[in-house]
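These notes concern the structure reproduced below.
The first residue in the sequence is number 1, and the count goes up from there. Reckoned from all heavy atoms, side chains included, excluding hydrogens, waters and symmetry mates.
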Amino acid sequence: MASRLEVKSLVNAPGFLIASLTLWWQARRSPGALGVALRAEMLKGTFWTYSAWDDKAAIYAYAGSEPHKSTVARKRRVMRDATFVFFTAPADELPLSWGEISRRIAEKRDSAAPDRETGPTASPTASPA
């Protein structure tokens, strides 16, 4: 699973980073998490996540638990855009490069451009990690 999250203003980037680090820490300790990574492009206001899980049930359990659940609700109002991509990959191909993650997200964004959900109402189920 991978995500690209963009804040509306660079003023929101530091707080978003702190929240992201909290969720990264939570995800790393969640049942079913095989690996979790976070990349922050602070001067662009863009945050990337990449995670490997045993199955989708583990991802949804993490997403529905605290502090993830309330943090997402709180941070939606400062988000401009969110893209989530689910995929499977053989264990021997992990971890994928950030370039590959970026490519997969760009492909999803390009294919969904006309009707893509964006902004604070974007749903993670269109989808961290």
| field | Sequence neighbours excluded, every pair satisfying salt bridge (charged side-chain N to carboxylate O under 4.0 Å, His left out) that has a member inside residues 46-59 | value | none
| Has Trp98 got more than 12 heavy atoms of other residues, nucleotides or ligands less than 6.0 Å from its CH2? | yes
| By side chain to side chain donor-acceptor pair (under 3.5 Å), which residues pair with Glu66, not counting sequence neighbours? | Ser70
| note | Residues Met42 and Leu17: closest non-hydrogen pair is SD-CD2, 3.8 Å
| task | Identify, with sequence neighbours excluded, every residue that meets side chain to side chain contact (heavy atoms under 4.5 Å, CB included) alongside Ser9. | result | Val11, Asn12
| note | Contacts of Ser65 meeting side chain to side chain donor-acceptor pair (under 3.5 Å) (sequence neighbours excluded), chain-then-number -> Gln26
| said: Going by salt bridge (Lys or Arg N to Asp or Glu O under 4.0 Å), name the residues that satisfy it together with Glu107, two or more places apart in sequence or in a different chain. | reply: Arg103
| request: Measure from NZ or CZ of Arg4 to the centre of the six-membered ring of Phe47 and say whether it is under 6.0 Å with the direction within 45° of the ring axis. | output: no
| query | Does a side-chain heavy-atom distance below 4.5 Å link Tyr62 with Leu23? | reply | yes
| remark: Sorted by chain and number, sequence neighbours left out, side chain to side chain donor-acceptor pair (under 3.5 Å) with Arg28 holds for none
| task | Taking all non-hydrogen atoms of both residues into account, name the closest pair between Gly32 and Ala58 and its distance. | result | CA-CB, 3.9 Å
| query | Can you tell me if Thr46 and Trp48 form a side-chain donor-acceptor pair at under 3.5 Å? | reply | no
| said: Between Phe16 and Leu5, is there a side-chain heavy-atom distance shorter than 4.5 Å? | reply: yes
| note | Note: Lys75 and Ala19 closest approach over all heavy atoms is CE-CB, 3.8 Å
| query | Could you walk me through whether Glu100 and Arg104 pass the side-chain contact (heavy atoms from CB on, under 4.5 Å) check? | reply | CA-CA 6 Å; Glu100 177 61 17; Arg104 289 176 186 229; 2.8 Å; yes
